[in-house]
Asker: 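Structure in structure tokens, see below.
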Amino acid sequence: MAASEFKHLVVVKFKEDAKADEILKGSENLVSQIDSVKSFEWGEDKESHEMLRQGFTHAFSMTFENKDAYVSFTKHPLHVKFSAAFTAVIEKIVILDFTVAAVKSPVVVPP
């Protein structure tokens, strides 16, 4: 990863009545339609002890070429619309936005 990449990390606890599957599909659909998103990963915590998890259940990570690409994403009409729906089903949230300081890049194994 280049040092100029920018990450948007979101950790959430959904409300009890939230339809998490719909939100997850919506997230995947959103990032597939916006070119400024370089990569997107999400996961549901299955391993942490509750004390360490503090109620949070899902993490979402997006990578952008740089901060400008991230800012463009945040202003995109599809993101603005999705963000309102996403926020409505969240009980707790932590968001971290940062420039990547790559220490060890992923190893790419040739096919």
Side-chain angles (χ1 to χ4, degrees):
M1 275 189 251
S4 63
E5 285 187 334
F6 196 82
K7 287 273 190 185
H8 176 60
L9 177 65
V10 179
V11 182
V12 302
K13 176 183 180 182
F14 289 113
K15 292 179 180 174
E16 259 186 58
D17 61 347
K19 294 183 170 104
D21 289 347
E22 289 179 17
I23 295 296
L24 299 171
K25 287 177 184 155
S27 297
E28 293 172 2
N29 186 45
L30 172 71
V31 299
S32 70
Q33 295 183 61
I34 301 178
D35 291 338
S36 63
V37 179
K38 185 175 176 181
S39 69
F40 172 69
E41 302 88 24
W42 72 267
E44 181 177 359
D45 183 74
K46 301 285 187 185
E47 302 295 325
S48 299
H49 296 286
E50 179 57 34
M51 179 185 78
L52 300 174
R53 182 181 317 143
Q54 298 181 32
F56 293 99
T57 57
H58 291 76
F60 303 85
S61 176
M62 294 181 197
T63 304
F64 300 86
E65 277 300 322
N66 52 44
K67 186 176 179 181
D68 290 341
Y70 167 71
V71 170
S72 171
F73 168 76
T74 63
K75 294 178 180 178
H76 194 287
L78 291 174
H79 174 261
V80 171
K81 182 179 177 183
F82 180 79
S83 185
F86 186 78
T87 303
V89 297
I90 299 302
E91 184 174 319
K92 290 172 46 172
I93 188 167
V94 173
I95 298 175
L96 299 172
D97 297 314
F98 55 95
T99 300
V100 173
V103 176
K104 182 176 180 179
S105 296
V107 176
V108 178
V109 180

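This is a predicted model, so every value here is computed, not measured.
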Asker: If I take atom CG from residue Asp45 and atom CD from residue Gln54, how far apart are they, to the nearest 0.5 angstrom?
Answerer: 11.5 Å

Asker: Using side-chain contact (heavy atoms from CB on, under 4.5 Å) as the criterion, point out the one residue from Lys92, His58, Glu44 that pairs with Phe14.
Answerer: His58

Asker: Could you go through Phe6 and Thr63, starting from their C-alpha distance and side-chain angles, then the distance that decides it, and tell me whether this counts as side chain to side chain contact (heavy atoms under 4.5 Å, CB included)?
Answerer: CA-CA 6 Å; Phe6 196 82; Thr63 304; over 6 Å; no

Asker: Look only at the side chain of Lys15 and the backbone of Ala88, and say whether a donor-acceptor pair between them is shorter than 3.5 Å.
Answerer: yes

Asker: Are Ile90 and Val80 connected into the same hydrophobic cluster when the rule is that any two of I, L, V, M, F, W, Y join if their side-chain heavy atoms are below 4.5 Å apart?
Answerer: no

Asker: I'd like to know if the side chain of Thr87 and the backbone of Ser83 have a donor-acceptor N/O pair within less than 3.5 Å.
Answerer: yes

Asker: Looking at every heavy atom in both Ala85 and Ile23, which two are closest together, and how far apart are they?
Answerer: O-CD1, 4.4 Å

Asker: Hey, what do you get for OG1 (Thr57) to NZ (Lys13), rounding to the nearest 0.5 Å?
Answerer: 8.0 Å

Asker: When the ring centroid of Phe60 is compared with that of Phe86, is the distance short of 6.0 Å?
Answerer: yes

Asker: Testing the basics here: between Val71 and Thr74, what is the closest heavy-atom pair and its distance to 0.1 Å?
Answerer: O-OG1, 2.7 Å

Asker: Checking salt bridge (charged side-chain N to carboxylate O under 4.0 Å, His left out) for the pair Lys7/Glu5: CA distance, chi angles, key distance, verdict?
Answerer: CA-CA 7 Å; Lys7 287 273 190 185; Glu5 285 187 334; over 6 Å; no

Asker: What is the distance from atom NE2 of His76 to atom NZ of Lys81, rounded to the nearest 0.5 Å?
Answerer: 12.5 Å

Asker: Roughly how far, to the nearest 0.5 Å, is CZ of Phe64 from OG1 of Thr99?
Answerer: 12.5 Å

Asker: Only one of Val31, Asn29, Leu30, Ile34 passes side-chain contact (heavy atoms from CB on, under 4.5 Å) with Phe82; say which it is.
Answerer: Leu30

Asker: Please say which of Phe40, Tyr70, Trp42 ends up in a side-chain contact (heavy atoms from CB on, under 4.5 Å) with Met62.
Answerer: Phe40

Asker: So which heavy atom on Gln33 is nearest to which on Leu78, and how close?
Answerer: OE1-CD1, 3.5 Å

Asker: Considering all heavy atoms of both residues, which atom of Leu9 and which atom of Ser61 are nearest to each other, and what is their separation?
Answerer: CD1-CB, 4.2 Å

Asker: Please round to the nearest 0.5 Å and tell me the distance separating atom OG of Ser36 and atom CD of Glu65.
Answerer: 10.5 Å

Asker: Hey, is CD on Glu16 packed in by over 12 heavy atoms from elsewhere, all under 6.0 Å?
Answerer: no

